[in-house]
Protein chains: 2
Amino acid sequence: MNTASGSPELIDKFVEFLKSKKLRKTPERFALLEYIATVPGHFTLDMMQQHADESGFHVSRATIYNTVNLLVEARMLRRHDIEGLPTQYELASTPPHSHLICTTCHKLKEVRDKYFIAFMNTRKYNAFNTQYYSHYVFGTCSTCARKRKRNAVTTKKK
Amino acid sequence: MNTASGSPELIDKFVEFLKSKKLRKTPERFALLEYIATVPGHFTLDMMQQHADESGFHVSRATIYNTVNLLVEARMLRRHDIEGLPTQYELASTPPHSHLICTTCHKLKEVRDKYFIAFMNTRKYNAFNTQYYSHYVFGTCSTCARKRKRNAVTTKKK
DNA sequence: TTTACTGCAAATATTTTGCAATATC
DNA sequence: GATATTGCAAAATATTTGCAGTAAA
């Protein structure tokens, strides 16, 4: 069965990968792929499970892990282990971007820094064959900066 | 007690942090700091524990976690969660660098890309107050590339 | 003397694995 | 029909927490 009807390129790529590894095309795998194809940015395992359950097709945690690991191996999915956040995944086909991470509230924001992207396209590391990169910028987001300032003022007033 | 005699700046910074938070200067904390000060690159919690045990001063896992978390909060230590590797730590005072990570053997290599560093110094993200960044470049290292090529040749010969 | 810290063990969280039943090929 | 996959539960791993004894201030 194939339920991921909305994303032919992803399906084709996954099918090809499964064939090459002599793995099976199970409904669970395609149901999860369908969800992945619809999410614009990052998502977690919990989100995948929740979506599957909500759409009336329960998929076990073990199978979700299995599928996600296959998709990572197939280079269709990328994994982000970021301190303070549950493991995040995103489609490898997402255009390159940087991640701004607030060290106070741990919120994550994607930004397209076109100068950075262009610059990175010029970088080569001698004997290393680059596939992709992850860029995390840590700092304080405007909301947390505002809160901190407010608290500082309050303290002074005392 | 203060055993981290070899790194006065680090000690001072940690002491100041502990004071500001009304925390105590325990021998365990300084013993771990001393180790950290001597490691050139990345290290893991296991390495810290092993070193402590070898030097005859056992420190419990809970205390190591506690200390490491304090040092991260004090911005003296940075944490790297990299897929396929145990959580890595490194001194925040280490000069900026990029990480090359082989997606096959999971080996990590630090490189100083001075053009990248210079470029990053020009980047600003509007309402975001940048503290530091992490740059991970994923790909195939020369060793794994060679192995793959060799296997391909072997397969052809059959 | 007050109370934060340590060590240990238990608790929690996350991911992997073993196995019987099932479904793909 | 052969065997890969699923779901569940148990195991393995990583980190945090509760608590009683200890030590820093």
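Reminder, nothing fancy here: chain letters follow the sequence lines and each chain counts from 1.
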At 4.0 Å (heavy atoms only), tell me whether A:Asp46 reaches a base, stays on the sugar-phosphate, or touches nothing. nothing

Taking five pairs at each end, how big is the angle between the two axes of the helix from C:dT1-D:dA25 to C:dC25-D:dG1, to 10°? 40°

Atom pair CD/OG1 of B:Glu73 and A:Thr103 - distance to nearest 0.5 Å: 10.5 Å

Using the six-membered ring of A:Phe116, assess whether NZ or CZ of B:Arg123 lies under 6.0 Å from its centre and within 45 degrees of the ring axis. no

Can you measure A:Arg79 atom CZ to C:dT14 atom P for me and round it to whole angstrom units? 12 Å

Would you say CD of B:Gln131 has more than 12 non-hydrogen atoms from neighbouring residues, nucleotides or ligands within 6.0 angstrom? yes

Taking only side-chain nitrogens and oxygens of A:Tyr65, does any of them come within less than 4.0 Å of OP1 or OP2 of C:dT15? yes

Is the terminal nitrogen or CZ of B:Arg78 (NZ for Lys, CZ for Arg) located under 6.0 angstrom from the six-membered ring centre of B:Tyr132 and within 45° of that ring's axis? yes

Show every donor-acceptor pair shorter than 3.5 Å between a side-chain atom in residues 91-98 of chain A and any protein atom, with sequence neighbours excluded, or say none if there are none.
from    : atom 1 : to       : atom 2 : distance (Å)
A:Thr94 : OG1    : A:Leu91  : O      : 2.8
A:His97 : ND1    : A:Pro95  : O      : 2.7
A:His97 : NE2    : A:Glu90  : OE1    : 3.1
A:His97 : NE2    : A:Glu90  : OE2    : 3.4
A:His97 : NE2    : A:His99  : NE2    : 3.1
A:His97 : NE2    : A:Glu110 : OE1    : 3.3
A:Ser98 : OG     : A:His135 : ND1    : 2.8

Mind checking whether A:Tyr35 and A:Phe43 have parallel, tilted or perpendicular rings, split at 30° and 60°? perpendicular

Can you list the steps and then say if A:Glu83 with A:Ile101 is a side-chain contact (heavy atoms from CB on, under 4.5 Å)? CA-CA 9 Å; A:Glu83 191 186 343; A:Ile101 302 158; over 6 Å; no

Expressed in angstrom and rounded to an integer, what is the separation of A:Glu83 atom CD from D:dA14 atom P? 17 Å

Base-contact (B) and sugar-phosphate-only (S) positions in nucleotides 1-10 of chain D, heavy-atom cut-off under 4.0 Å, - elsewhere: -BBBSSBB--

Looking across every strand, which nucleic acid part, if any, lies under 4.0 Å from A:Asp81 by heavy atom: base, sugar-phosphate, or nothing? nothing

Using whole Å, report how far CG of A:Asn69 lies from P of C:dT14. 16 Å

Salt-bridge test for A:Lys124 and B:Asp113: reply yes if a basic N is under 4.0 Å from a carboxylate O, no otherwise. no

